[in-house]
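Working notes for the structure below.
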Amino acid sequence: MDAKDFKSSDEIAWCPGCGNFGILNAVKKTLVKLGKPPKDILLVSGIGQAAKLPHYVKCNCFNGLHGRALPVAAAAKIANHTLTVLVTTGDGDCYGEGGNHLIHNIRRNTDITVIVHDNQIYGLTKGQASPTTDPGYVTKVQMEGVVLDPLHPLEMAIALGAGFVARGYSLDIEHLSWLISEGIKHKGFSLIDVLQPCVSFNKKNTYEWYTQRVYKVNDDSSYNPEDKMAAYEKAHEWGDKIPIGIIYRTEKETYEEKRGLSQRAPLVEEQIEDVDITSILSEFT
Amino acid sequence: MDAKDFKSSDEIAWCPGCGNFGILNAVKKTLVKLGKPPKDILLVSGIGQAAKLPHYVKCNCFNGLHGRALPVAAAAKIANHTLTVLVTTGDGDCYGEGGNHLIHNIRRNTDITVIVHDNQIYGLTKGQASPTTDPGYVTKVQMEGVVLDPLHPLEMAIALGAGFVARGYSLDIEHLSWLISEGIKHKGFSLIDVLQPCVSFNKKNTYEWYTQRVYKVNDDSSYNPEDKMAAYEKAHEWGDKIPIGIIYRTEKETYEEKRGLSQRAPLVEEQIEDVDITSILSEFT
Amino acid sequence: MTNELTIKITGEAGQGMQTVGAALCQMFKNTGFHIFANQDYMSRIRGGNNFFQLRISDKPLHTLRQKSDITVALDKASVALHKSSMADGGVLVLDRKKFTITEEDRTFFDIPFYDIATRIGGSEIFINSVACGVIAGMIGVELRSVEHVMEATFAGKSEEIIRKNKEAARAGYDFVRNNFKQDTFRIKAGAIKDTGTLVVNGNDAIALGAIRAGCKFYSAYPMSPSTTIMNVIAQYAQKFHIIVEQAEDEIAAINMIIGASFTGVRSMTATSGGGFALMAEGLSLAAMTETPIVVVVAQRPAPATGFPTRTAQADLEFVLHAGHGEFARAVYAPGTIEEAFYVTIKAFNIAEKYQIPVLIMTDQHIADSYRNIETFDLNKGKVQRHIISKEDSKNTKNYKRYQFTESGISSRAIPSWIEDVIYADSDEHTEEGHITEDADVGSKMVEKRFYKKFSGLSQEIEKPTAYNVERADIVLIGFGSTYGIMKEVSDAVTDKKIGFIHLSQVWPFPASEMIALLKDAKKVLTVENNAAGQLARLLRRETGLQVGGAVLKYDGRPFNLDYLIDRIKKEG
Amino acid sequence: MTNELTIKITGEAGQGMQTVGAALCQMFKNTGFHIFANQDYMSRIRGGNNFFQLRISDKPLHTLRQKSDITVALDKASVALHKSSMADGGVLVLDRKKFTITEEDRTFFDIPFYDIATRIGGSEIFINSVACGVIAGMIGVELRSVEHVMEATFAGKSEEIIRKNKEAARAGYDFVRNNFKQDTFRIKAGAIKDTGTLVVNGNDAIALGAIRAGCKFYSAYPMSPSTTIMNVIAQYAQKFHIIVEQAEDEIAAINMIIGASFTGVRSMTATSGGGFALMAEGLSLAAMTETPIVVVVAQRPAPATGFPTRTAQADLEFVLHAGHGEFARAVYAPGTIEEAFYVTIKAFNIAEKYQIPVLIMTDQHIADSYRNIETFDLNKGKVQRHIISKEDSKNTKNYKRYQFTESGISSRAIPSWIEDVIYADSDEHTEEGHITEDADVGSKMVEKRFYKKFSGLSQEIEKPTAYNVERADIVLIGFGSTYGIMKEVSDAVTDKKIGFIHLSQVWPFPASEMIALLKDAKKVLTVENNAAGQLARLLRRETGLQVGGAVLKYDGRPFNLDYLIDRIKKEG
Ligand SMILES: Cc1ncc(C[n+]2csc(CCOP(=O)(O)OP(=O)(O)O)c2C)c(N)n1
Ligand SMILES: Cc1ncc(C[n+]2csc(CCOP(=O)(O)OP(=O)(O)O)c2C)c(N)n1
Ligand code: SF4
Ligand code: SF4
Ligand SMILES: [Mg+2]
Ligand SMILES: [Mg+2]
């Protein structure tokens with residue numbers, strides 16, 4: 001596979017300079033490396049700027065409802081576990097409207113990789129606070145500044161038992177692409193929260209702001225992403241320093257394994273033309 | 001106030017021996033001690049066996065939809081902060097259908113107390129797995145046993161920044177009542193997960209099972225519920241030993257405080273008969 | 001109206017009325033009776049008052065009677081509650097000693113259930129088996145039939161348990177033979193040979209239909225009265241390689257079946273009104289992305305939580321219009337157990353053919369009611385696939401998921417089978433599935449999803465069932481679970497000719513058929529378990545025909561034969 | 001059709017068309033013109049193509065024209081995109097140098113926007129102000145009016161910014177005066193005195209209405225085209241002690257307003273079709289618990305995500321029937337900015353009086369369209385409260401939240417004001433608000449919530465507006481945002497008499513009024529932004545009347561005067 005195999009002809013509708021471009025490049029880079037043909041990859045998204053990404057990569061795409069990417073993705077994986085399933089979603093899409101699906105799909109642990117374009121704002125709807133907007137940030141709706149505590153997605157994911165919890169930065173494409181590869185390699189649900197500057201509506205968390213703060217946690221060889229307590233502390237870190245990298249990782253059995261799906265042909269291959277129910281009908285006599 | 005002030009004449013529809021009775025008694029006990037008249041207390045619930053509780057106490061009651069107690073409760077508190085607002089809900093109600101409201105209302109941090117009757121099963125719908133059902137437990141729907149990891153509500157609540165996170169046991173009414181009092185006293189969102197045997201559908205996590213395992217964490221004076229990392233470890237403990245008590249506690253500003261509601265009369269007292277909008281109309285000329 | 005009986009077993013939730021009921025259904029069917037049985041239960045697990053009502057006859061049955069001939073009270077409270085609904089000459093079977101009831105009543109037939117059960121089995125849990133024996137004895141079923149059903153009911157349990165239950169039943173049977181001298185209830189089955197082979201309820205039939213239709217992915221969130229569909233499918237899931245996944249909520253459930261269906265797998269969910277409300281957005285998604293799904297809406301009284309375990313037909317208009325935007329859908333409303341099975345298979349075929357959401361409307365009454373039926377004809381219930389086969393996939397290039405066609409249907413490829421990629425999109429999109437803002441493409445897509453598919457669907461509507469309609473004095477019209485009651489009313493009323501029309505498909509609406517059927521009708525009444533007369537409104541909207549009235553019932557209880565005859569008489 | 005002009009400013013998203021547009025609206029209104037303006041924008045933040053279209057005249061305006069007289073292209077792509085929609089004799093204003101456009105076209109009027117802006121202000125952001133000056137110059141508005149509007153637009157900014165913008169506008173103005181010799185566009189305002197005082201769009205009007213109505217709690221989740229209602233209320237929230245709370249999702253939003261309303265506070269939410277789909281269950285809860293709420297449904301094309309920033313009227317039937325179970329609701333569909341304001345206040349009053357959910361249906365077209373209007377009459381828009389006052393609360397004992405009454409309305413107490421407690425319940429309940437399983441209580445409650453409240457509501461329907469209907473050759477019927485287009489068509493067509501009827505309340509449906517109005521109608525057409533002709537279907541269902549046709553448009557764009565006249569001609 002090379003870059004042109006994943007080239008989409010769709011015009012990109014993002015603002016010039018948007019952090020989403022970095023994520024798009026990282027995704028493409030990863031897919032090229034992965035070596036699977038586009039037809040065996042499925043990108044699922046909800047609605048928002050982030051969620052437009054699948055249109056800009058040539059892969060199978062299911063661009064669903066705002067907040068509802070995860071149930072679609074998990075079920076697609078269950079129905080055909082030979083597909084590599086990625087979700088590209090926004091902080092509003094995944095943590096706001098879609099919060100319930102996030103917490104339960106972490107528990108469900110299908111082998112999907114979720115990339116959250118976390119611009120700490122609602123981009124497509126023009127700048128309202130998202131669950132990760134920093135406290136005090138003023139918007140047209142939060143006129144007195146945001147009063148809700150921000151959601152800590154990584155910390156929450158660890159608490160819920162996610163097996164792969166990471167944070168990337170859209171400007172560091174190399175690193176982000178590595179994270180996505182690792183996420184895909186990880187057997188089970190992987191959450192990758194990506195710091196993504198929104199040049200139009202987030203005037204606080206800019207490229208500069210992030211660049212000054214991020215550091216690569218896995219550069220420190222003493223950091224053990226399999227140590228849950230250490231991971232909790234890292235996941236909570238937010239302020240002058242913001243860690244990026246694999247924050248937490250642990251092996252667990254996937255849904256597909258537990259239900260014996262991995263071991264057999266995908267459901268779609270089942271013959272359904274003449275399902276013989278006579279044996280069970282006799283139980284209703 | 002004494003017990004008869006809170007006596008409801010409604011017939012109780014729970015199974016004999018159900019763990020809900022203990023919770024009901026603990027709630028009543030707490031309210032008597034609280035000393036507020038029933039008219040200044042509001043119990044909000046969703047749907048399920050747990051959610052029937054408000055009918056069995058004489059207080060204001062809003063018995064809403066399955067999964068949707070929290071938004072009703074939070075908004076009622078915002079609209080009239082002089083009310084003491086309690087939520088009684090089930091593990092399905094609060095952690096399943098209502099999961100998104102739980103995570104965001106922890107962030108919202110209105111001063112409400114949430115009591116989750118956690119019987120690790122869907123009682124009212126006759127015994128399907130709930131988010132907290134132990135792995136492997138067989139039901140009519142989970143015929144091969146539960147494969148999803150259980151939700152760790154306390155750990156998740158800590159990760160989300162909840163200020164008061166506790167676990168009670170419905171058989172220890174005294175202790176539970178103490179927890180509820182502390183929850184009410186706590187300024188902000190309090191989550192109390194209560195181990196509640198369901199004698200009809202949960203044949204694993206019985207009175208015996210719980211009684212053998214629970215121990216009071218606050219009896220150990222070395223345990224500091226303000227130490228978040230210690231709290232994470234405690235919250236995760238589940239198996240031969242199950243901690244009950246205040247797992248985590250920290251002071252934080254409430255929603256009502258941040259938005260200046262606490263300092264003024266409740267919204268319902270505002271005169272609305274002739275709101276003068278002429279001054280703002282002039283901005284539309 | 002001879003040669004039939006209504007038997008009621010009543011007690012607290014948790015006393016096992018359902019087990020007795022199921023055993024009796026089996027026993028009577030085996031001994032040559034036609035049966036119709038339904039349950040009335042409260043939204044609680046123990047206590048309160050539930051009952052199982054069973055009607056038996058030598059003729060096929062389709063509905064309930066208002067009063068029961070034999071009422072077996074398993075607890076004291078039931079005695080007072082059910083005395084008033086006894087038929088003339090009816091008997092109330094009770095355990096006077098246990099219930100400490102001293103007053104006399106000519107309808108009482110006293111049986112020491114508790115004493116017998118504890119004497120024989122050592123526990124009151126054998127009361128149910130005693131009751132089976134009692135009923136068999138009163139009606140004159142042979143003892144071996146009771147014993148046989150005990151064996152079937154407790155198959156898989158220990159020998160001792162089976163033996164004790166048989167003995168308990170025999171003790172009840174003997175007690176009746178010795179103490180109950182009336183012959184009143186000794187009815188004979190008419191045509192023993194022809195009572196079919198199955199005893200199923202509506203939910204069973206739908207679950208079986210789904211399995212037969214090749215459903216491979218079922219996701220739902222429990223909600224009465226739909227839950228047992230999930231139970232039945234789950235029971236056979238391993239055998240048929242079906243994944244049953246309990247979702248975190250109904251929104252997840254519908255989005256999951258859409259995700260699974262996108263990969264080519266037949267998928268289904270079921271819920272009731274409140275859960276369906278949460279699925280409305282997903283329904284619209286299925287339509288927009290042209291992903292086939294089947295959704296069962298098992299109605300119960302609402303608004304909101306309403307009466308969770310009772311029956312209603314009040315969501316017709318909601319189901320017809322649920323979801324934002326305009327798109328084609330098919331809505332079935334099976335009237336019988338058999339229809340529930342066949343229509344479910346058709347629902348999957350139609351969903352796949354038109355790539356649309358298809359709805360099956362039922363209600364608690366049909367979901368939980370049992371009837372004896374002939375076994376299903378598997379030649380009638382056949383899968384028709386409408387996808388690009390794996391074979392043909394190899395040659396599919398330059399695939400356009402939403403290609404414009406005459407029929408509005410674009411050929412549907414399966415991800416990873418074809419060499420190309422597939423874009424499905426919830427935004428308005430081009431033929432390729434990419435987001436568009438183009439006005440012309442937008443309106444052509446509306447025409448594709450709405451006009452064209454609708455026009456195809458209109459060619460394959462399930463025709464309404466018409467019975468006794470010609471020259472009838474009154475024509476009844478209903479949809480869904482009221483088939484049975486209309487049928488029996490039509491047969492039972494003799495002083496007037498009463499015909500009926502039943503719609504097992506309500507959308508697309510069979511407008512021309514209805515106009516033709518009703519053109520000479522003298523008086524037309526709809527029969528509906530709702531307050532608005534929703535079917536009457538739909539009929540008027542679609543045909544201009546205004547009915548002479550609507551017989552409405554909205555108290556959470558189904559119609560019964562006597563009640564409806566009465567109501568119709570009042571309508572004149 | 002003289003004395004009017006259509007001006008279009010077009011460019012990429014993010015180029016500030018809306019700011020220019022708003023400034024122009026203000027300027028023209030101040031100089032004595034009537035205006036009608038609307039926006040056409042894509043679902044993206046930068047790039048693509050958006051436009052702001054402004055119509056000015058000496059007579060009141062209610063709709064758009066198809067073609068524009070003056071088109072100002074702010075980017076190169078706009079030139080090709082909008083050339084075809086220019087009126088005869090129209091001019092396309094562009095910056096040829098900047099756009100590197102070499103070909104000649106008689107419609108082109110070249111202005112070096114970029115050079116002027118950078119020369120004067122040092123940045124191309126001043127292009128918008130240059131454009132304002134250009135338009136003022138072409139039409140012959142006095143320079144001081146442009147300067148005035150620059151001051152107003154940039155009020156609060158630094159003196160330098162204001163000065164530079166004024167200079168930029170003046171430079172544009174002067175350029176036109178020196179280089180554009182045509183007089184074509186020099187129209188004079190007819191009645192300068194009488195163009196009202198406000199310029200508001202539909203969402204502004206609803207927000208202002210809500211504030212006036214005493215709304216104290218607003219919770220919503222952002223969704224186009226409803227979002228700016230939240231913005232406007234948030235802007236004034238501190239001043240009026242309103243809590244605006246962005247919810248985590250639409251389900252939370254509706255449940256929050258129910259919770260707040262339960263405590264006695266007037267509460268509202270707004271959303272579009274997809275968000276409304278998620279609210280259907282909550283709507284049913286409000287009805288069951290008898291908690292007043294107001295829900296605005298700002299429609300956009302669907303299914304699913306559809307065209308997020310465009311217009312449609314395709315959710316009428318969905319809104320009428322959304323929510324499981326049967327209950328009374330009121331559904332308004334304001335046709336004008338003024339109606340949007342008054343109807344919002346009425347919605348709160350009616351919701352509180354009947355303790356029901358009340359819906360206000362709008363669409364992107366009315367939400368985002370501006371008109372000049374007289375200031376609102378605050379005597380017409382008055383709050384009527386229907387709760388037990390604090391005074392009376394003291395004497396309220398043995399309170400029954402759901403007491404049966406003749407009207408179906410039980411008196412509504414406020415928690416903690418009365419000495420007693422209040423039970424609200426989503427299950428079927430007794431008068432006291434406790435869960436019941438009783439059939440009779442259940443049906444009485446259905447009658448209370450459905451029949452009785454409906455019958456009260458039917459007494460206070462907003463009457464349809466009828467115009468030119470008597471002896472009309474064609475009568476148009478519409479609801480919601482089509483008021484304006486029908487009005488202008490009726491006035492504009494002279495070879496036939498075209499009347500119209502506009503419904504600003506669609507439920508309860510004004511059946512008898514419609515029958516009376518239409519009894520002699522020769523030809524009746526509905527005018528609807530949907531594909532099904534939903535209003536026509538509703539009319540038939542409620543009155544039996546079948547229209548002669550429906551003029552439907554479902555491409556996401558609003559009707560315009562020329563287009564509709566054309567369509568009607570084709571209908572004959
Ligand atoms: C049910 C529903 N509610 C609301 C919307 C409107 N909406 C579209 S995108 C969006 C939020 C986008 O924020 P985020 O997910 O952070 O994505 P971003 O644009 O910032 O990448 C909202 C609220 C919708 N499409 N559907
Ligand atoms: C929207 C919706 N979905 C499903 C239901 C059916 N339902 C009622 S209670 C319940 C689960 C109850 O479980 P839990 O919350 O744990 O309460 P418990 O009965 O165990 O106390 C469900 C699924 C409902 N009422 N509404
Ligand atoms: S609005 Fe923000 S997130 Fe959206 S495309 Fe523009 S810069 Fe990116
Ligand atoms: S089913 Fe379980 S939770 Fe419900 S009342 Fe019975 S014992 Fe309690
Ligand atoms: Mg975002
Ligand atoms: Mg539970």
Side-chain angles (χ1 to χ4, degrees), chain C residues 42-43 48 251 272-274 276-278 280-281 283-285 287-289 299 301-308 310 312 314-315 317-318 320-327 425-428 435 437 439-440 442-443 446-447 449-451 530-532 537-538 540-541 544 546 553-557, chain D residues 42-43 48 251 272-274 276-278 280-281 283-285 287-289 299 301-308 310 312 314-315 317-318 320-327 425-428 435 437 439-440 442-443 446-447 449-451 530-532 537-538 540-541 544 546 553-557:
Chain C
M42 290 179 140
S43 180
I251 302 173
S272 188
F276 179 69
L278 292 166
E281 194 195 15
L283 203 72
S284 182
L285 175 67
M288 187 61 150
T289 56
Q299 296 165 99
T305 310
F307 278 140
R310 306 199 176 274
D315 296 333
E317 292 175 328
F318 181 34
L320 289 178
H321 306 110
H324 51 305
E326 296 168 301
F327 51 87
D425 190 10
S426 80
D427 293 270
E428 194 53 275
I435 300 175
E437 297 264 7
D440 290 334
S443 43
V446 172
E447 285 155 13
R449 289 185 300 258
F450 185 61
Y451 294 140
N530 62 48
R537 299 212 284 210
L538 180 63
R540 191 175 195 200
R541 189 187 86 181
Q546 193 168 13
K553 193 166 195 293
Y554 42 82
D555 62 354
R557 275 65 174 179
Chain D
M42 290 179 140
S43 182
I251 303 174
S272 188
F276 179 68
L278 292 166
E281 194 196 14
L283 204 73
S284 181
L285 175 68
M288 187 62 151
T289 56
Q299 296 165 98
T305 310
F307 278 141
R310 307 200 174 273
D315 296 332
E317 291 175 328
F318 181 33
L320 289 177
H321 305 112
H324 50 306
E326 296 169 300
F327 51 87
D425 190 9
S426 80
D427 293 89
E428 194 53 274
I435 300 175
E437 298 262 6
D440 291 335
S443 43
V446 173
E447 286 156 11
R449 289 185 300 258
F450 184 62
Y451 295 140
N530 63 47
R537 297 212 284 210
L538 180 63
R540 190 175 197 201
R541 190 187 86 181
Q546 192 168 12
K553 193 168 195 292
Y554 42 82
D555 63 354
R557 274 64 174 180

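Per chain, numbering begins at 1; letters A, B, ... match sequence-line order.
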Problem - Atom pair NE2 (D:H324) and CD (C:Q299), whose distance is rounded to the nearest 0.5 Å - result: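 Here the rounded value is 11.5 Å.
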
Under a 4.5 Å heavy-atom cutoff, which of [options] has the most pairs with chain C?
{"options": "D:R540, D:Q546, D:E428, D:M42", "value": "D:R540"}
{"options": "D:A314, D:A287, D:G442, D:S272", "value": "D:A314"}
{"options": "D:F327, D:F450, D:F276, D:F307", "value": "D:F307"}

Practice task
With a 4.5 angstrom heavy-atom cut-off, could you sort out which part of D:D315 is near chain C: side chain, backbone, both or neither?
Solution key: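 Looking at D:D315, just its side chain touches chain C.
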
Handout entry: Contact class of D:R537 relative to chain C, heavy atoms under 4.5 angstrom
Key =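 Backbone plus side chain of D:R537, per the 4.5 Å heavy-atom cut-off to chain C.
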
Problem - Leading residue by heavy atom contact count with chain D [cutoff under 4.5 Å; candidates C:G556, C:A312, C:S43, C:P308] - result: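 Looking at each of C:G556, C:A312, C:S43, C:P308 in turn, C:S43 comes out on top.
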
Handout entry: Interface residue of largest heavy-atom contact number with chain D, from C:L285, C:L278, C:D425, C:I251, under 4.5 Å
Key = C:L278

On a heavy-atom basis, which atom in [X] and which in [Y] lie closest, and how many Å separate them?
{"X": "C:G306", "Y": "D:M288", "answer": "CA-CE, 3.8 Å"}
{"X": "C:E281", "Y": "D:A277", "answer": "N-CB, 3.6 Å"}
{"X": "C:E326", "Y": "D:P303", "answer": "O-CG, 3.9 Å"}
{"X": "D:G323", "Y": "C:F318", "answer": "N-CE1, 3.3 Å"}

Exercise for the section: Would you please classify the geometry between the C:Y451 ring and the D:Y554 ring as parallel, tilted or perpendicular, with 30° and 60° separating the classes? Expected result: perpendicular

